[in-house]
Amino acid sequence: MPFPSLSIGDLTAKLPIVQGGMGVGISLHRLAAAVAAEGGIGVIAGAMIGMREHDIAKDPQTANARALAAEIVKARALTDGVLGVNIMVVLTDFSNLVRTSIANRADVIFSGAGLPMELPKIFRTMCEEKKEDFKTKLVPIISSARAASILCKKWLLKADYLPDAFVLEGPKAGGHLGFKPEDLNDPEYSLDTVLPQVLDSLKPFEDKYGRAIPVIAAGGVYTGGDIHKYLTMGAAGVQMGTRFVATEECDADIRFKQAIVNAKEEDLTIIKSPVGMPGRAIRGRFLEALEEGKKNFKCVFHCVSTCDPETSPYCIAQALLNAMKGNLDRGFAFIGANGPRVDCITTVKELIHSLQVEYDAAVQAARA
Ligand SMILES: Cc1cc2nc3c(=O)[nH]c(=O)nc-3n(C[C@H](O)[C@H](O)[C@H](O)COP(=O)(O)O)c2cc1C
């Protein structure tokens, strides 16, 4: 039984699998294009994407926009599959990166780490300015049914725009988490509990406006069986992050990928990120040294609007950049709760094939 496709309005991906955007520099054109070429949605992460540009410290906004445009163009040259970008709301150059993504015809903008209230307004303004009906789909990343209805209401009010889809990210995800640390293990906030609530909360909007608002489930999705489970529950697709880190095509250094492969349950920790949210990461020398106190640093990137360099214990952009380059003593890797199950580095093609085989088995088992 082949995977069903994933449709977001008039945009269709052959597979119901979105590769979650992963910054800093973990999912760039190489990983995104590989996933898109296999039929999923490949996503380029916008956070500090200009890290290799000569002017990143002098003019981060220009450097990031230029690098994002270049990554979209490079991915497009490799595939005609579906390509998205991930632009976090907390980025100081959020608006600039959104505009760059639309101008470069990204198929989808995924946006979380805050509620992307201004996203449809920026989109509408771009369409007016350029006198073009851009096709880019706008997809907020949320963690609750409340956030889903707030965004629907506010977007309709501010820009007469209904979200094209939602990613619902549960507490097992890697990276920043939209939960209080004490709620992470509470079943009330689990993906399985919240998914039906989100589907219910969207129903009135779907009925009133006569169109589907697909929900993509994320956070701890590991096997084809998991994909079958969430599709059966009513999700239109899944978003997976950690599993795509352990692929040859992932844009991070091999030592970053190996850190995911080597991570055991007891190595995982929940950090309090300078972004102002908790995050799930692999414990290591860098995080342990922090327990001894704040590291003074001079903020050069000014990348996150919620980060106060005066009180932040370290520069998260620099720490994630170091980790991506393989220097895990001077940074750390984000990881999902199921990360310890990853035991080898594979290719995107092989990973998708194994998910398909497991999905088939789950379909057969459900029929038996
Ligand atoms: C290394 C890493 C970096 C991530 N960076 C981002 C990011 O920049 N923006 C974002 O919205 N989500 C980010 N995420 C979350 C993923 O996009 C995805 O939703 C999540 O990892 C799903 O959970 P899973 O890892 O259990 O599959 C990151 C996750 C990981 C593991």
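Every number for a ligand or one of its atoms is a count from 1 in the order of the listing. Residue numbers run from 1 in the order of the sequence given.
Polar contact with ligand 1: present for Gly241 (N/O pair, distance under 3.5 Å). Of the polar atoms of Gly23, at least one N or O is found under 3.5 Å from an N or O of ligand 1, judged by distance alone. The shortest N or O to N or O distance between Gly21 and ligand 1 is under 3.5 Å. The shortest N or O to N or O distance between Gly220 and ligand 1 is below 3.5 Å.
Remark: Arg285 engages Asp329 in a salt bridge, criterion side-chain N to carboxylate O under 4.0 Å. Salt-bridge check for Lys74 with Glu71: passed, with a basic side-chain N closer than 4.0 Å to an acidic carboxylate O. With respect to Glu132 and Arg105, a salt bridge is recorded, a charged nitrogen being found less than 4.0 Å from a carboxylate O. In this structure, Lys349 does not pair ionically with Glu249, as no charged nitrogen and carboxylate oxygen lie closer than 4.0 Å. Salt-bridge formation is not detected for the pair Glu206/Lys203: no Lys NZ or Arg NE/NH1/NH2 atom is positioned less than 4.0 Å from an Asp or Glu carboxylate oxygen. A salt bridge does not link Glu248 with Lys257: every distance from a Lys NZ or Arg NE/NH1/NH2 to an Asp or Glu carboxylate oxygen is 4.0 Å or more. One finds a salt bridge joining Asp107 and Arg76 here, because a Lys/Arg side-chain nitrogen approaches an Asp/Glu carboxylate oxygen to under 4.0 Å.
Of the options Ala281, Gly174, Ala259, Gly219, the smallest heavy-atom separation from atom 21 (O) of ligand 1 is shown by Gly174.
Atom numbering of ligand 1 starts at 1 in the shown order; those under 4.0 Å from a heavy atom of Ile141 are 11 (O). Atoms of ligand 1 lying under 4.0 Å from at least one heavy atom of Thr242, given by number and element, are 24 (P), 25 (O), 27 (O), 31 (C). Residue-ligand proximity, Met240 to ligand 1, at heavy-atom distances under 4.0 Å covers atoms 27 (O). Contact atoms of ligand 1 toward Lys172: 26 (O) (distance under 4.0 Å to a heavy atom of the residue). Those atoms of ligand 1 with a heavy atom of Met88 less than 4.0 angstrom away are 9 (N).
In summary, of the residues considered (Asp59, Thr100, Asp55), a side-chain hydrogen bond (donor to acceptor under 3.5 Å, both in side chains) with Arg66 occurs for Asp55 alone.
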Would Gln364 and Asp360 satisfy side chain to side chain donor-acceptor pair (under 3.5 Å), going step by step from the backbone distance to the final call?
-> CA-CA 6 Å; Gln364 300 302 336; Asp360 266 348; 5.5 Å; no
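Counting protein heavy atoms only, atom 19 (O) of ligand 1 is closest to Glu169 OE2, 2.5 Å. Protein heavy atom at the shortest distance from atom 10 (C) of ligand 1 is Asn86 ND2, 3.3 Å. For atom 28 (C) of ligand 1, the closest non-hydrogen atom of the protein is Met22 CG, 3.6 Å.
Using a 4.5 Å heavy-atom threshold, the side chains of Leu83 and Ile41 count as separate.
Residue contacts with ligand 1, taken as heavy atom pairs separated by less than 4.0 Å, do not involve Arg243 at all. The proximity of Val43 to ligand 1, defined as any non-hydrogen pair under 4.0 Å, does not occur for either the backbone or the side chain.
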